[in-house]
Each structure stands twice: as C-alpha cells, then as structure tokens.
S.K.: 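Below you will find the structure I want to go over with you.
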There are 2 protein chains.
Amino acid sequence: MASVTNNSDYSKAMKNILFDFIAKYISLTEEEKNALLSLDLFHSVKKGTVLLKEGQKSKESYFVLKGCIRTYYVVEGEEKTTGFYTEMEALTPPAVINQTPSEYYISCNEDSLLLISNADMEVEVNKKFPKFDTMCRKFTEELLAKQRIDFDEFKTSSPEQRYLNLLQKRPDLIQRVPQHQLASYLGIKPQSLSRLRGRILEKKN
Amino acid sequence: MASVTNNSDYSKAMKNILFDFIAKYISLTEEEKNALLSLDLFHSVKKGTVLLKEGQKSKESYFVLKGCIRTYYVVEGEEKTTGFYTEMEALTPPAVINQTPSEYYISCNEDSLLLISNADMEVEVNKKFPKFDTMCRKFTEELLAKQRIDFDEFKTSSPEQRYLNLLQKRPDLIQRVPQHQLASYLGIKPQSLSRLRGRILEKKN
DNA sequence: ATAGCTCGTTCACTTAAGTGAAGAAATGCG
DNA sequence: CGCATTTCTTCACTTAAGTGAACGAGCTAT
C-alpha cells in the first residue's frame, strides 16, 4: 500500500476527481484544498491486499478514486460478499463508527487508488474547517437514503429480479467482478447464479 | 394528527425520553431545551393514519416516542413492508433527503406519539445551535452503520434464519405487528411465514 | 511443460418458497 | 349483535434455490 505524492498528470486527474466530488456538497477555498492535500490521503493499493480483517479495530475510512474494494464476512469458512465500492464511492466500516472489532473483511479487488482517512485526523480537520462537518453530514444522509433504497429493493425482489436490476444499474460490476462474489452479493450460491443466467438467456430467445 | 402541548405527567415523560436520547450525542443547556420544546414537535397520531403517500414530496422527519410506524411500497397492488420504527427510532424518508417524490408510503401502525420535524426548520435550528449539526451527523453515521449491518445480515441468511434473528433482536415486533406485514418484511409470503413457523415449532419438540 | 488451483458450469436430487384455493379465526363496523 | 372484511393457517401443486459431485477452461508456480 504505497503512498502517492508525485505530480504526474494521473495524480492531478485523481485530485480533480476528489475536488469535483467535494464540490457537490460544499465549496472549498484554495487554502482548504491545500490543507486537504497536505494530509497524505492518496494511496495506491495492489489487488488482493486485505485492508481490514475480522476482529481488527480500525479508524480508517476509504474513498475509491479508481479500482474496486469489497467487503465480505467469513461464515463457516465461506466468504459472504456484501458490498462492492468502486469509483466515487466511500466506505466507513461500522467498526470505525462504533469503535468495535470489525465483523468483516475489506479487500482490494483490483489494483486501486484510494483515499484513506483516519477518524482522529477527521476530528482535527473538522475543528479547523467546520464546513467539513456539514459536508460529512450531507454525504452520510445521502448514503443512508441510497442504502435504504438498495435494501428495500433487495427485500422486495427475487434473486432473478435482483440480477436484472444489477444489470441495469451496475453493469460494470457484472463485468469486473468474479461470478462467485456476485452470487453471494445477490444472496445466492454460484450454481444458482449460473442457472439463473441460463434461464434469462432462454427467455430472450 | 393532533398537536400535543399539555403538561400532564405523560407529556413530561415523553419530553424526558427525547432529552435522554439527545444526551447520548450532545449535552443541552436549559435554553436549548426550551428552544426545542417551543417548536411544536409533539404530535399524537391515530392508528391507520397515512403520514406520507407514494408520489408526494415531503420535508418531514419522524421520531417515535411511543407506538409504531411502518414504511411500505405498493407493487402491483400488493403492499411490501420494508421497515418498522418503534420507540426511540427515527425515520427521514429518502424523499426528504433527495427532494424527490416518495417511492413509498408511511403509515401509523398503532396509536402513536411522534416528533415531527421539518427540514426547513432544522436548517434554522442548526444555524442557531451548531451543536445540532454535529448531533445529526453522529446520529446519521450510527444509523448508517446499523442499517448496513442489518442489510448484511439479511443478505447472508435464509428466511428462516431471518425470522429467528428477529425473534432474538426484536421480539416485540413479532407480537405487535400483523403476520402478513412481518412476512413481507422478511422478504417472503404470509403462507411461507406460517409454514416456516410450524417448521420451527416441530424442531423444538 | 505440467501439476495444482481457482473458477464457472452442468447434472441429479433435495429442500424450501411461490401460487391459488379454501376455510377458520379475529376484527371492524353498522 | 351479527354481517362483512381482514387475517391467518392449511393443503396440493409448481417453481426455484441449495447441495454435492463432476468436468473443463484458464492461471500460477515450480
């Protein structure tokens, strides 16, 4: 997990992604932008890296600039994937909020570029720039609303509908993520996903 | 939906529930408490009252002091219950966050005492007492974490496990809520819930 | 190159949820 | 009070997901 501090075009592009994202919630002065950049948030992470293990405590939040990270539980030796986070998505594990050992793993599904921020550091920044408190509140509220809608959709639909729904809303995931991870994300076994996809193909013809 | 302004013992008890709840996040001065009470937040709502309809815009958030409210979608004429909110639980519909027409209904499942707050009003209060911004952020973060864990549990378990899980964590719901609402909350049909319960009883003997 | 893995698919069989119908029990309303 | 409606359960049948096993394709490492 290397820190990224160079000033290549790529690095500049990533910074713009970050600032464009923040601009959706609050406007920043140059001073504030520089304060942010001085925090050494940018990290490049190799595929397969485990960012958080079950049982660990953590103060780290993640924001994906490029790539994909995944959350999963291990239940009776089996991985249960519950979330994928890709470009412009953020994850603060419940373990950070509640200061309890994590119930799940976070790993890096592709070579990725992440923002990694520390809860203590955030408190500092929020003290200096109260704006950030407001931004975090808005962002969290928005996430909560989105999350609730996702949950509702999951509850009110069958595995097949869930797959078709994903095909609409996150077609990229179906391409970039292994089938067995997708299956458990949809709440079914890989064999069932395989069969279900066959069924859908038949219907189309 | 009557406004509640009297000073009976019951009314005092409800105010204490509110202040005890807030005390978990921030501490309030008497002045701040009085400012809150002056906002006419307390409302008593009769069972069956529909608080929000599909398609409506809204700025109202709800906090349950006593009773139970329920969120549900109507899909092809059928109710799909996705959430129950009881004592000490809060609900801000996604429609309020995103300022879009609501996708679901909210109705009152029992005669209830609610706090009903308005988004515009909140902005005012937060301006006067910046503390509230911090409280809202913490509360929302906590909700998000809880919600994510609930979602994860739902995804990684079967309907039977979900029912047993609910029996552990919210035994009150199983008592106070009609079976057909519970069933769709568990993502199954009422007949399946009935059968599933029979199966569990057999196993016990 | 090949032996060992992981991954995706297929198959036969089991188990559980969906469906439609019917009836009993509880609830609400005039 | 009694009639109507809603709610819950049961049943027989259909459909889809879980399970265990097997196989081939693709990757990796020695």
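Side chains included, hydrogens not; waters and symmetry mates left out as well; all remaining heavy atoms used.
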S.K.: With a 4.0 Å cutoff (strictly under), does any side-chain N or O of B:R197 reach OP1 or OP2 of D:dT9?
M.R.: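 True: B:R197 side-chain N/O within range (under 4.0 Å) of D:dT9 OP1/OP2.
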S.K.: Looking only at side-chain atoms of B:R195, point me to the closest of D:dC8, C:dG8, C:dA17.
M.R.: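 Nearest to the side-chain atoms of B:R195, counting from C-beta on, is C:dA17.
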S.K.: Choosing from C:dG18, D:dG20, D:dA17, which nucleotide comes nearest the side chain of A:Q191?
M.R.: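 That would be D:dG20.
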S.K.: Starting from P on C:dG8, measure out to CG on A:L186 and report it in whole angstrom.
M.R.: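 Distance check: A:L186 CG to C:dG8 P gives 13 Å.
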S.K.: If you measure from the Lys or Arg side-chain nitrogens to the Asp or Glu carboxylate oxygens, is any gap between A:R170 and A:E89 under 4.0 Å?
M.R.: yes
S.K.: Assess, by modelled atom type and distance only, whether the side chains of B:R137 and B:T134 contain a donor and an acceptor separated by less than 3.5 Å.
M.R.: no
S.K.: What integer distance in Å separates A:L193:CG from D:dT19:P?
M.R.: 15 Å
S.K.: Once salt bridge (charged side-chain N to carboxylate O under 4.0 Å, His left out) is applied, what residue pairs with a partner in residues 174-194 of chain A remain, sequence neighbours excluded?
M.R.: A:E78-A:K189, A:E87-A:R176, A:E110-A:R176, A:D172-A:R176
S.K.: Check the distance between C:dA17's P and A:R162's CZ and give it to me in whole angstrom.
M.R.: 13 Å
S.K.: Closest nucleotide of DNA chain C for A:Q181 versus for B:L196: which of these residues is on the 5' side?
M.R.: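 That would be A:Q181.
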S.K.: Using a 4.5 Å cut-off on heavy atoms from C-beta on, say whether the side chain of B:T82 contacts that of B:Y73.
M.R.: yes
S.K.: Which is more 5' along DNA chain C, the nucleotide nearest B:K47 or the one nearest B:G187? Just name the residue.
M.R.: B:G187
S.K.: Could you tell me the separation between the CD1 atom of B:I174 and the P atom of D:dC8, rounded to a whole number of Å?
M.R.: 13 Å
S.K.: Please say whether more than 12 non-hydrogen atoms of neighbouring residues, nucleotides or ligands are located less than 6.0 Å from CD in B:E103.
M.R.: no
S.K.: Quick one: B:E79 CD to D:dT6 C1', roughly how many Å, whole number?
M.R.: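 Those two atoms, CD and C1', are 12 Å apart.
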S.K.: From the options C:dG28, D:dT19, C:dA17, select the nucleotide whose nearest atom is closest to the side chain of A:K189.
M.R.: D:dT19
S.K.: From CD of B:E78 over to C1' of C:dG18, roughly how many Å is that when rounded to an integer?
M.R.: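 From B:E78 CD to C:dG18 C1': 11 Å.
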S.K.: Please pick, from C:dA16, C:dT9, D:dT7, the nucleotide with the shortest atom-to-atom distance to any side-chain atom of B:R199.
M.R.: C:dA16
S.K.: How many Å lie between CG on A:N109 and P on C:dC7, as a whole number?
M.R.: 11 Å
S.K.: Is the ring pair B:F21/B:F139 parallel, tilted or perpendicular, if the boundaries are 30 and 60 degrees?
M.R.: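 Judged by the thresholds at 30° and 60°, the geometry between B:F21 and B:F139 is perpendicular.
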S.K.: Test A:L41 against every option in A:L36, A:N118, A:I116 by the side chain to side chain contact (heavy atoms under 4.5 Å, CB included) rule and name the one that passes.
M.R.: A:L36
S.K.: Is it true that the side chains of A:S117 and A:E122 contain a donor and an acceptor less than 3.5 Å apart?
M.R.: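 Yes.
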S.K.: Less than 4.0 angstrom between a side-chain N/O of A:S192 and OP1 or OP2 of D:dG18, yes or no?
M.R.: yes
S.K.: Taking only side-chain nitrogens and oxygens of A:H180, does any of them come within less than 4.0 Å of OP1 or OP2 of C:dG8?
M.R.: yes
S.K.: From C-beta outward on B:I188, which listed nucleotide comes closest to its side chain: C:dG18, D:dT9, D:dA17?
M.R.: C:dG18
S.K.: Through what angle, rounded to 10 degrees, does the axis of the helix from C:dA1-D:dT30 to C:dG30-D:dC1 turn between its ends, using five pairs per end?
M.R.: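 Here the helix ends are tilted 50° relative to one another.
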S.K.: Between A:E160 (CD) and D:dA16 (P), how many Å, whole number?
M.R.: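 My rounded result for the distance is 7 Å.
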